[in-house]
Amino acid sequence: MKVFDKIADVTAELDRLRAEGKTIGFVPTMGALHEGHLSLVKKCVAENDVCIVDAFVNPTQFNNKEDYEKYPRTVDADAKLLEGAGANLVWFPTESDIYPEPDTRVFELGPLAEVMEGKYRPGHFNGVAQVLTRLFSIVKPDRAYFGEKDFQQLAIVREMVKHYNIPVQIVGCPIVREADGLALSSRNMRLSAEQRQHALRISKTLFASLDKMKEMSVEEVKQWVIKEVNSEPGLEVEYFEISDSLTLQPVENWNNENIVGCITVYCGEVRLIDNIQYKKNI
Ligand code: PAF
């Protein structure tokens, strides 16, 4: 596995590989890697001749300075995990390389970016679009891999590459959970043992809501989930929305093929997200 920091070195290596006819798969990350990221890397390795992973904590997508500063950074451990997962190239970009000057671009991301995270983290998706368009223009991948835990991000990235004609295939990969159901997240590293126990209530409630949909309306399930999670000590729901999986607009009933429930919960200071897909006739 080759490790890079400079853009010029990484592009020279990728140009060489492309000239040999190799396909390039890319896993963009912010580091602090866990099995969820590694599942993307393994899929990328299986589907491409070359798998490149970057780890860059992108400042422009954080609307909270403290959240940015406290975001875990585990460069050495990340490099070891990536080697084990079979990545070929790893890139740890520097901030001045990615943003030699402030990025003032404003992206048209449409209604997908106006709900949920878009509403509670203004500017977040614009920052994601800023960094991804830069990374894509440098790496020029054939395919790029994203986790479904960030369900809204995945939908927006698909829309962004379509809208801006970026020639890359976006591949979504399922959420990876701990054996007890907790969705893997780099932010879990910031939870105390006690908080982690409380956080389990999030996935447990989402799973239980699959049964509730048989007997309750969408609005009732929504209120039930919020009440259940809020009743757990130390947890506070920021939002829970039951939406169409493609448009991300709220649905009013279960007569829809693809429905997703997306939740964001504060566990102390740590902001956790999770989601569940509701299928008709379950
Ligand atoms: O999902 C993430 O880790 C980030 O939002 C991404 C896609 C790497 C952009 O910084």
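Nothing here was measured: the structure is a model prediction, and the numbers come from that model. Just so you know, ligand 1 is whichever comes first in the structure, and atom 1 is the first atom listed for that ligand.
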K.L.:
Validate the cation-pi geometry between Arg73 and Tyr68: distance from NZ or CZ to the six-membered ring centre under 6.0 Å, angle to the ring axis within 45°.
P.N.:
yes

K.L.:
Please assess Asp9 against Lys2 for the test salt bridge (charged side-chain N to carboxylate O under 4.0 Å, His left out), listing each intermediate value before the final yes or no.
P.N.:
CA-CA 11 Å; Asp9 296 338; Lys2 295 187 179 170; over 6 Å; no

K.L.:
Distance alone, cut at 3.5 Å: any donor-acceptor contact between the side chains of Arg143 and Thr23?
P.N.:
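The criterion, which ignores hydrogens and geometry beyond distance, is not satisfied for Thr23 and Arg143.
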
K.L.:
Are Lys80 and Glu83 close enough, and set up right, to give a salt bridge (charged side-chain N to carboxylate O under 4.0 Å, His left out), and what steps lead you there?
P.N.:
CA-CA 5 Å; Lys80 278 206 192 89; Glu83 176 114 60; over 6 Å; no

K.L.:
Between the side chains of Asn58 and Tyr99, is a donor N or O closer than 3.5 angstrom to an acceptor N or O?
P.N.:
yes

K.L.:
Do Tyr239 and Glu117 meet the criterion of a side-chain donor-acceptor pair at a distance under 3.5 Å?
P.N.:
yes

K.L.:
Between ligand 1 and the protein, tabulate every N or O atom pair separated by less than 3.5 Å, reporting distance only.
P.N.:
| residue | atom | partner | partner atom | Å |
| --- | --- | --- | --- | --- |
| ligand 1 | 1 (O) | Gln153 | NE2 | 2.8 |
| ligand 1 | 5 (O) | Gln61 | NE2 | 2.9 |
| ligand 1 | 5 (O) | Gln153 | OE1 | 2.7 |
| ligand 1 | 10 (O) | Gln61 | OE1 | 2.6 |

